Amino acid sequence: MSFQINGKVALVTGGAGGIGRCIVEALLENGIKGVVIADINEEQGTKVVSELSQKFNPTQILYQKTDVTVVESFEDAFKAAIQQFQHIDILFNNAGIVNENEWEKCVQVNLIGVINGMILATEKYLKDQKLGEEAVIVNTSSIASVTPELLIPTYNATKSAINAITRTYAESYYYNSTKIKVVAICPGVTETSIVNLAGVVRPGPDDSAERTLDGYPLQSPKFLADQVMKVVEKAPTGTIWIIEDTKPAYQYIYNDRKMSQYKV
Ligand SMILES: NC(=O)C1=CN([C@@H]2O[C@H](COP(=O)(O)OP(=O)(O)OC[C@H]3O[C@@H](n4cnc5c(N)ncnc54)[C@H](O)[C@@H]3O)[C@@H](O)[C@H]2O)C=CC1
Ligand SMILES: CCCCCC(=O)/C=C/[C@H]1[C@H](O)CC(=O)[C@@H]1CCCCCCC(=O)O
């Protein structure tokens with residue numbers, strides 16, 4: 001069954017940043033009724049609303065200053081969505097940072113922020129306040145969740161955890177009562193401010209891991225967001241989608257552990 005974006009309401013965490021902003025724009029292009037940009041950066045959030053208001057109906061776009069690590073702040077964003085647009089149907093748990101020097105902060109934003117969103121959505125807001133038969137949660141993971149990148153171990157761990165959370169909440173135990181489809185996207189390196197890792201990685205044991213972005217295939221956040229719309233509409237619950245190198249989204253398949261050939 002295909003999910004219809006047209007006429008629905010979405011909340012996008014980190015919606016003022018590179019990927020989040022493009023998701024907001026793609027939603028508007030696909031007929032969303034209303035979208036809440038839930039981002040900690042007020043200056044950027046206000047700017048994005050004003051820029052998008054040149055192209056779309058301003059009444060469809062709301063900025064709500066939100067810190068996803070603080071549950072009350074995150075809940076206020078859901079309340080703002082209901083107050084302004086009457087229902088809430090899609091959550092993009094998208095806010096994320098890379099910071100291996102302040103690794104606790106990386107865990108707070110990338111993991112605790114997503115857990116806050118999952119609990120608020122599955123126990124209350126998307127469960128009870130959706131318009132149609134089904135709601136959707138899209139968690140932004142990363143290719144680093146399945147291919148660990150050397151210099152960002154904490155980031156890799158948070159993204160692997162997001163895949164686990166996605167697969168758990170997709171189980172019929174949850175779905176039967178929530179009717180929320182839960183999927184994850186794993187972008188490859190995408191042209192946003194997050195790819196500038198200067199000052200946010202720790203010195204390694206030697207300099208053999210020193211790298212630059214040279215050689216990494218960069219894709220645009222606009223291309224990524226257009227693929228994400230297809231995932232929202234068509235992907236089955238519990239699936240994980242890699243979107244890299246400006247290629248169509250493809251599903252990442254986890255191995256069945258019982259098929260493992262190796263024994264100690
Ligand atoms: N750009 C890339 O190469 C890739 C990015 N990703 C993921 O995509 C997501 C979006 O990242 P980008 O757009 O690239 O980065 P970005 O830095 O351009 O945007 C991130 C946004 O999140 C917001 N944010 C940060 N902390 C927050 C908090 N506590 N509460 C609410 N909002 C907060 C920021 O203000 C910013 O607007 C992240 O989860 C990131 O890990 C995944 C794979 C690759
Ligand atoms: C010091 C430069 C290291 C270059 C790696 C890089 O740019 C990492 C980018 C991450 C970005 O900040 C947010 C992400 O999700 C990116 C993860 C990239 C993982 C790359 C794994 C690639 C591979 O080994 O196949």
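This is a predicted model, so every value here is computed, not measured. FYI, the numbering just counts along the sequence from 1.
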Check [X] against [Y] and note the closest heavy-atom contact, atom names and distance.
X    : Y    : answer
N156 : E149 : ND2-O, 2.8 Å
K181 : F3   : NZ-CB, 4.3 Å
S145 : N163 : OG-ND2, 2.9 Å

Exercise for the section: Under the side chain to side chain donor-acceptor pair (under 3.5 Å) rule, collect the residues that match up with K124, sequence neighbours excluded. Expected result: E75
Practice task
Not counting sequence neighbours, which residues clear side chain to side chain donor-acceptor pair (under 3.5 Å) with E134? List them please.
Solution key: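 Only Y175 meet the side chain to side chain donor-acceptor pair (under 3.5 Å) criterion with E134.
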Listing, residues 33-42 side-chain donor-acceptor contacts under 3.5 Å, not counting sequence neighbours, or none:
unit_1	atom_1	unit_2	atom_2	d
K33	NZ	F85	O	3.1
K33	NZ	H87	NE2	3.0
D39	OD1	N41	N	2.9
D39	OD2	G15	N	3.4
D39	OD2	A16	N	3.0
N41	OD1	E43	N	3.3
N41	OD1	Q44	N	3.0

Tabulate below the donor-acceptor pairs under 3.5 Å that side-chain atoms of residues 183-194 make, not counting sequence neighbours, or state none.
unit_1	atom_1	unit_2	atom_2	d
T190	OG1	G188	O	2.6
T190	OG1	Q219	NE2	3.2
T192	OG1	I194	N	3.2

Exercise for the section: Only counting residues at least two apart or in another chain, list the ones meeting side chain to side chain contact (heavy atoms under 4.5 Å, CB included) with Q84. Expected result: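 Here the qualifying residues are L62.
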Any side-chain donor near an acceptor of the partner, [X] and [Y], under 3.5 Å:
X    : Y    : value
S2   : E233 : no
S73  : D67  : no
E244 : Y250 : yes

Exercise for the section: May I have all residue pairs that pass salt bridge (charged side-chain N to carboxylate O under 4.0 Å, His left out) and include part of residues 253-264, sequence neighbours excluded? Expected result: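 Passing the test, one end in residues 253-264: no pairs.
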Exercise for the section: Would you please classify the geometry between the F78 ring and the Y125 ring as parallel, tilted or perpendicular, with 30° and 60° separating the classes? Expected result: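 Y125 vs F78 ring planes: parallel.
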